[in-house]
**Q** 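After the structure tokens below, expect a handful of questions from me.
Chain naming here is simple, since letters A, B, ... match the order of the sequence lines and numbering starts at 1 in each. Note that this is a predicted model, so its numbers are computed, not measured.
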Amino acid sequence: MPKTKYSTHLGMVDILPGEVEKWRALEEIIHEEAARYNFEEIRTPIMEQTELIKRGVGQLTDIVTKEIFAFTKGDSHYVLRPELTAPVVRAFVQHHLAQRGGAQKLYYIGPMFRAERPQKGRQRQFHQFGLEVIGSDDPIADVECISFMMRIYQRIGIKNFTLKLNSVGDPESREAYKSVLREYLRPNFEKLSELSKTRFEKNPMRILDSKEPEDQEFIQNAPVISDHLNEDSAEHFKLVCKYLDMRGIEYVIDPLLVRGMDYYTRTAFELTSPDLGSQDALAGGGRYDLLVEEIGGQPTPAVGFAAGMERLLIACDELGIQLADEKSIDVFMVCLGDAARDWVIGQLPTFREHGISTTMDYKGRSMKAQMKEANRQNARFALIVGDNELEAGKFVFRNMIESTEQQLSVDEIIAQFKD
RNA sequence: GAGCCUGUAGCUCAGUCGGUUAGAGCGCUAGUUUGUGGCACUAGAGGCCGUGGGUUCGAUUCCCAUCAGGCUCCCCA
């Protein structure tokens, strides 16, 4: 790229005309499906208190330790939100949404910020949509989340993916499992990767997620958490699977699936696609029964997911899926001479008031240039106005697709658009 | 945060084994058609060859740095 004086920050991109239409189409699908599932939209500020994100997402996570944009002004510590689960839960607690009764079913669409090295499918400002069910520990809540997520991809036509599912257990199961895992790994501690060594004490489950070659042989034969779930968590996981089966949603149980945020409990899931390259996660989520309390609310079980919109759009491009129709316009008005131009300037609002999309050339160019413009704008009709037409009160109404013309009055033209 | 690769017109890319005016296709503007688009032909506009420094008589071509992009690792959406 030749340098211009100003440009976007690293990893932050403009969404230009031609691209925006895809975003709107995607957003419309999300809003429609959310309505069908009876989820309500929530919009929270782009910035949150730093402490909320640290507590919510986890002090030791990569997101908090190296990926947040934060600054301080006066006594306030601001952070650009890196994800939306903690902020939504904050809103739930702050506004006492539990008082509305029942489980709160919330969804969101918006930009997130993480200070990572950009690459394909990874930006510093990126967009997610997602939802949270706060106030239910019923496995059906988990499955409704997953079902909604899958429904979006199904509607768009992305089929080439894998739904991975696991249970990371409740605190009791997890502590028991962590001990078992540590005992299993301890004899080979020295052979583990450096990264895994640092995780050994605090979060040995993350070792399962390691891609370091030296860790692989130990991971392969590691004890599996599903063998160490207590009765409640095991039953919960069983029901999640059962409901997924009932919905006909295919999944793969992946005992190594451990997700990045600290707040996950029990159900964890991730949707990956081979069409994305290295950053292959389309969406991910899970249950977070302890987060509401962690943030200062009453103990409240909850579950949710987040999906990357850029990654979804990349998958669409790879698969040749057109999300948006080519843009078009009903009528392009072509004028010859000053009198005709004045007439057109006066007529545009009339057409628009009748719901007809219309415009004219703003550059005072030749008729040929105006016709080319009409063509470029994908006009269905060109309305050609010259002195003859003004005198007769009948105008050349050209069908640009069929290349046919009629002589019509304004009323007759407008009538054509009445269905 | 680490490694590798790339950076020439709005876009996709040629090219210069270092040497006077840097090329194509698409797109854009206009003409061929003094009142008609999409096709064709013609012409034109548009590049400090990403930026800064070094080597050299001379660099867009070589070297270094930097910025940006891609791929991989890490991690996640």
**Q** Check if the side chain of A:Arg122 and the base of B:C75 share a donor-acceptor pair of N or O atoms closer than 3.5 Å.
**A**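 Answer is yes: a donor-acceptor pair is held.
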**Q** For B:U6, which nucleotide is its Watson-Crick or G-U wobble mate, given both distances must be under 3.5 Å?
**A**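 In the structure as shown, B:U6 has B:A68 as its Watson-Crick or wobble partner.
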**Q** Would you mind reading off the distance between A:Glu318 atom CD and B:G70 atom C1', rounded to a whole angstrom?
**A**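 Taking atom C1' of B:G70 as the reference, CD of A:Glu318 is at 13 Å.
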**Q** Distance between the C1' atoms of B:G46 and B:U32, in whole angstroms?
**A** 23 Å
**Q** Check this for me: A:Gln49, atom CD, are more than 12 non-hydrogen atoms of other residues, nucleotides or ligands nearer than 6.0 Å?
**A** no
**Q** Does A:Gly121 reach a base, just sugar-phosphate, or nothing at all? Heavy atoms under 4.0 Å.
**A** base
**Q** Base, sugar-phosphate, or nothing: which does A:Asp280 touch, judged by heavy atoms less than 4.0 Å apart?
**A** base
**Q** Give A:Glu116 one of three labels, base, sugar-phosphate or nothing, depending on what nucleic acid heavy atoms sit under 4.0 Å from its own.
**A** base
**Q** Check if the side chain of A:Arg311 and the base of B:C76 share a donor-acceptor pair of N or O atoms closer than 3.5 Å.
**A** yes
**Q** NZ of A:Lys372 versus P of B:U32: gap in Å, rounded?
**A** 12 Å
**Q** Taking atom types as they are modelled, is there a donor-acceptor pair under 3.5 Å from the base of B:G35 to the side chain of A:Glu389?
**A** yes
**Q** Could you tell me whether the side chain of A:His228 and the main chain of A:Glu175 form a donor-acceptor pair under 3.5 Å?
**A** no
**Q** Could you tell me which nucleotide pairs with B:U61 by Watson-Crick or G-U wobble geometry, both distances under 3.5 Å, or answer none if nothing does?
**A** none
**Q** Identify whether any heavy atom of A:Arg365 sits under 4.0 Å from a base atom; if not, whether one sits that close to sugar-phosphate; answer base, sugar-phosphate or nothing.
**A** sugar-phosphate
**Q** Are the side chain of A:Asp289 and the backbone of A:Ala302 linked by a donor-acceptor contact shorter than 3.5 Å?
**A** yes
**Q** Centroid-to-centroid, A:His77 to A:Phe71, below 6.0 Å?
**A** no
**Q** Which is true for A:Ala374 with a 4.0 Å heavy-atom rule: it touches a base, it touches only sugar-phosphate, or it touches nothing?
**A**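 Answer is nothing: A:Ala374 stays at 4.0 Å or more from every strand.
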**Q** Using whole Å, what does the distance between atom P of nucleotide B:G70 and atom CD of A:Gln123 come to?
**A**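 The distance from CD of A:Gln123 to P of B:G70 comes to 8 Å, rounded to the nearest Å.
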**Q** Taking the same atom, C1', in B:G47 and in B:A14, what whole-Å distance lies between them?
**A** 15 Å
**Q** Using a heavy-atom cut-off of 4.0 Å across all strands, would you classify A:Gly11 as base, sugar-phosphate, or nothing?
**A**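 Sugar-phosphate contact only.
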**Q** Figure out the CG/P separation between A:Asn388 and B:G35, and round it to whole Å.
**A** 11 Å
**Q** Base, sugar-phosphate alone, or nothing: which one does A:Val396 contact when heavy atoms must sit under 4.0 Å apart?
**A** base
**Q** Quick one, A:Phe200 with A:Phe189, criterion ring-ring contact (aromatic ring centres under 6.0 Å, His included). Give me CA distance, side-chain angles, the key distance, then yes/no.
**A** CA-CA 8 Å; A:Phe200 183 82; A:Phe189 180 80; 5.1 Å; yes
**Q** Send over the distance from A:Ile384 CD1 to B:G37 P, rounded to a whole Å.
**A** 9 Å
**Q** Give one of base, sugar-phosphate or nothing for A:Ala379, where a contact means two heavy atoms less than 4.0 Å apart.
**A** nothing
**Q** Can you work out whether A:Arg124 or A:Met400 has the more 5'-proximal nearest nucleotide on RNA chain B?
**A**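 Comparing both residues, the 5'-ward one is A:Met400.
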**Q** Per the atom types in the model, does the base of B:G37 pair as donor or acceptor with the side chain of A:Arg398 at under 3.5 Å?
**A**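 Answer is yes: a donor-acceptor pair is held.
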**Q** Let's test this: given Watson-Crick or G-U wobble pairing with both distances under 3.5 Å, identify the partner of B:C48.
**A**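 B:C48 is unpaired by these criteria.
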**Q** Find the distance A:Leu208:CG to B:C74:C1' and express it as a whole number of Å.
**A** 17 Å
**Q** Which residue lies toward the 5' end of RNA chain B, A:Thr8 or A:Ala281, if each is placed at its nearest nucleotide?
**A**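 In this pair, the answer is A:Thr8.
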**Q** Taking atom C1' in both B:G15 and B:U60, what distance in whole Å separates the two?
**A**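 That atom pair is separated by 10 Å.
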**Q** Give me the distance, rounded to whole Å, that separates B:C48 from B:A2 when you measure between the C1' atoms they each carry.
**A** 35 Å
**Q** When you check the phosphate oxygens OP1 and OP2 of B:G1, does a side-chain N or O of A:Arg114 lie under 4.0 Å from one of them?
**A** no
**Q** Would you say the side-chain atoms of A:Glu389 pair up with the backbone N or O of A:Gly386, donor to acceptor, closer than 3.5 Å?
**A** yes
**Q** A:Val303 vs A:Glu132, test: side chain to side chain contact (heavy atoms under 4.5 Å, CB included). Steps then yes/no.
**A** CA-CA 6 Å; A:Val303 60; A:Glu132 316 289 349; over 6 Å; no
**Q** Identify the nucleotide, in any strand shown, that forms a Watson-Crick or G-U wobble pair with B:G23, with both distances under 3.5 Å; if there is none, say none.
**A**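 Across any shown strand, B:G23 pairs with B:C13.
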**Q** I'd like the P distance from B:C71 over to B:G31, given in whole Å.
**A** 44 Å
**Q** How is A:Leu312 classified with respect to the nucleic acid when contacts are heavy atoms under 4.0 Å: base, sugar-phosphate, or nothing?
**A**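 Nothing: the residue A:Leu312, judged by heavy atoms under 4.0 Å, touches no strand.
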**Q** Determine the Euclidean distance between corresponding P atoms of B:G10 and B:U6; express it in Å to zero decimal places.
**A**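 Pairwise P distance, B:U6 against B:G10, rounds to 23 Å.
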**Q** Quick one: A:Ile63 CD1 to B:G1 P, roughly how many Å, whole number?
**A**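 Between P of B:G1 and CD1 of A:Ile63: 17 Å.
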**Q** So if I apply the side chain to side chain contact (heavy atoms under 4.5 Å, CB included) rule between A:Ile329 and each of A:Thr359, A:Ile356, A:Asn378, which one comes out positive?
**A**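 Single pass found, and it is A:Thr359.
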**Q** CG of A:Leu257 versus P of B:A77: gap in Å, rounded?
**A**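 Distance check: A:Leu257 CG to B:A77 P gives 11 Å.
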**Q** Of the candidate nucleotides B:U72, B:G35, B:G31, which contains the atom at the shortest distance from the side chain of A:Gln119?
**A**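 The answer is B:U72.
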**Q** Tell me whether A:Arg311 contacts the main-chain N or O of A:Gly121 through its side chain, where contact means a donor paired with an acceptor under 3.5 Å.
**A**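 Checking the backbone N and O of A:Gly121 against the side chain of A:Arg311, a donor-acceptor pair under 3.5 Å is found.
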**Q** Does any N or O donor sit under 3.5 Å from an N or O acceptor when you compare the side chain of A:Asn375 with the base of B:G37?
**A**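 Indeed, a donor on one side and an acceptor on the other fall under 3.5 Å apart.
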**Q** For B:C41, give the paired nucleotide (Watson-Crick: N1-N3 plus N6-O4 or O6-N4; G-U: N1-O2 and O6-N3; both under 3.5 Å), or none.
**A**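 B:G31 - that is the nucleotide pairing with B:C41, both distances being under 3.5 Å.
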**Q** With heavy atoms under 4.0 Å as the rule, sort A:Gln377 into base, sugar-phosphate or nothing.
**A**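 Nothing: the residue A:Gln377, judged by heavy atoms under 4.0 Å, touches no strand.
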**Q** Determine whether any donor atom in the side chain of A:Lys368 lies under 3.5 Å from an acceptor atom in the base of B:U32, or the reverse, and answer yes or no.
**A**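 Such a pair exists between side chain and base.
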**Q** If I pick the C1' atom on B:A43 and the same atom on B:U8, what distance separates them, to the nearest angstrom?
**A**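 Looking at atom C1' only, B:U8 and B:A43 are 25 Å apart.
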**Q** Distance check: side-chain N/O of A:Arg117 vs OP1/OP2 of B:C75, anything under 4.0 Å?
**A** no
**Q** Can you tell me the Watson-Crick or wobble partner of B:C76, both distances under 3.5 angstrom?
**A**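 The base-pairing partner of B:C76, which may sit in any strand shown, does not exist here.
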**Q** Mind checking A:Leu313 for me? I need base, sugar-phosphate or nothing, with any heavy atom below 4.0 Å counting as a touch.
**A**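 A:Leu313: no heavy atom of the nucleic acid under 4.0 Å.
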**Q** Taking any heavy-atom pair under 4.0 Å as a contact, classify A:Glu405: base, sugar-phosphate, or nothing.
**A** base
**Q** Determine the Euclidean distance between corresponding C1' atoms of B:C76 and B:C39; express it in Å to zero decimal places.
**A**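 It works out to 50 Å between them.
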